[in-house]
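This report concerns only the one structure given below.
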Amino acid sequence: TSSVKIYQCDEARKCLHPTALKEVRLSKDHTFIQRVNRMILDIYAKVLRDEESNDEEKGFINSTSLPILRILAINAAYKNDAHPIAISELGEIIAHDILLRYIENVLNLVLENLAQIKSAQISDEAIKEFKENILRTHQLLLQERRTLLHQVQASLAVIERTKKMEEYVYNKFSGDN
């Protein structure tokens, strides 16, 4: 169980000083990562049955830059139901990626609307500093996403090599060589 603070705006228009309204306790089943894990399991079941994903699942797949279907197909092809990538591990990586994409989209929206704020603002210096901070944050997000993608690619490469070695060993000892 985790607790999360819910904030409320101090006024409807600007919301410059939000206040903590209450603390809500979430069970593990209601966390974002658990929702992601359930979606992955649903998609994985459809991969195993060779069924098409529904619109919600397609939206989920498109919400991340990670090759979810490829990863799940490799897991499905792996022998003896021993999944080389645990669903919980995959869920955490995908949840992280979705969150990074969301933050990146928010930052882009803020940058787009910064010009409107600039026209109403007296001092350009504060806006310039704010914009520089957003751009630095954007760069950090991109760096985090690259790191995440490299981790996934490295995991997929290890899985592929392991699968090839497994096939080689199987063929060598089964006399098909």
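- By the salt bridge (Lys or Arg N to Asp or Glu O under 4.0 Å) test, E144 pairs with no residue at all, sequence neighbours left out.
- To the nearest 0.5 angstrom, K46 atom NZ is 13.0 Å from L41 atom CG.
- Distance check, rounded to the nearest 0.5 Å: CD of E57 to CG of N62 gives 12.0 Å.
- The two residues I40 and G91 make their nearest non-hydrogen contact at CD1-CA, 3.5 Å.
- At a threshold of 4.5 Å between side-chain heavy atoms, the hydrophobic network of Ile, Leu, Val, Met, Phe, Trp and Tyr places I103 and Y7 in two separate groups.
- No option in L100, I98, I94, L99 other than L100 meets the side chain to side chain contact (heavy atoms under 4.5 Å, CB included) test with H96.
- For the pair R35 (side chain) and D29 (backbone), a donor-acceptor distance under 3.5 Å is absent.
- No more than 12 heavy atoms of other residues, nucleotides or ligands lie within 6.0 Å of CG in D50, so this atom counts as exposed by the packing criterion.
- For Y102, the OH atom counts as loosely surrounded, since its 6.0 Å shell holds 12 or fewer non-hydrogen atoms of other residues, nucleotides or ligands.
- Q34 places no side-chain N or O within donor-acceptor distance of the main-chain N or O of T31, the cut-off being under 3.5 Å.
- Atom-to-atom distance recorded for E104:CD and L140:CG is 12.0 Å, nearest 0.5 angstrom.
- Counting non-hydrogen atoms of neighbouring residues, nucleotides and ligands closer than 6.0 angstrom, the CD atom of Q143 reaches no more than 12 such neighbours.
- Residue A73 comes nearest to V47 through the heavy atom pair CA-CG1, 4.1 Å, listed as atom of the first residue, atom of the second, then distance.
- Heavy atoms only, all atoms of each residue included: S53 and I61 are closest at OG-CD1, 4.0 Å.
- Within 6.0 Å of CG on D55 lie no more than 12 heavy atoms contributed by other residues, nucleotides or ligands.
- Side-chain heavy atoms closer than 4.5 Å link hydrophobic residues (I, L, V, M, F, W, Y) into clusters, and following such links, possibly through other members, connects L90 to F32.
- Scored by the side-chain hydrogen bond (donor to acceptor under 3.5 Å, both in side chains) test, T137 finds no partners at all (sequence neighbours excluded).
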Go through the steps to decide whether I43 and F60 satisfy the test side chain to side chain contact (heavy atoms under 4.5 Å, CB included), and finish with yes or no.
CA-CA 10 Å; I43 295 168; F60 174 78; 3.6 Å; yes
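- Partners of K58 under the salt bridge (Lys or Arg N to Asp or Glu O under 4.0 Å) rule, at least two apart in sequence or in another chain, are E52.
- A distance of 12.5 Å separates CZ in R136 from CG in L107, rounded to the nearest 0.5 Å.
- For the atom pair CG (N105) and CZ (R101), the distance works out to 7.5 Å, reported to the nearest 0.5 Å.
- Considering CD1 of I6 and OG1 of T19, their distance stands at 12.0 Å, rounded to 0.5 Å.
- By the side-chain hydrogen bond (donor to acceptor under 3.5 Å, both in side chains) test, T64 pairs with D97, sequence neighbours left out.
- Not counting sequence neighbours, E92 has no partner by the side-chain hydrogen bond (donor to acceptor under 3.5 Å, both in side chains) test.
- Counting non-hydrogen atoms of other residues, nucleotides and ligands closer than 6.0 Å to NZ of K131 gives a total of 12 or fewer.
- For E56, the side-chain hydrogen bond (donor to acceptor under 3.5 Å, both in side chains) test picks out no residue, with sequence neighbours left out.
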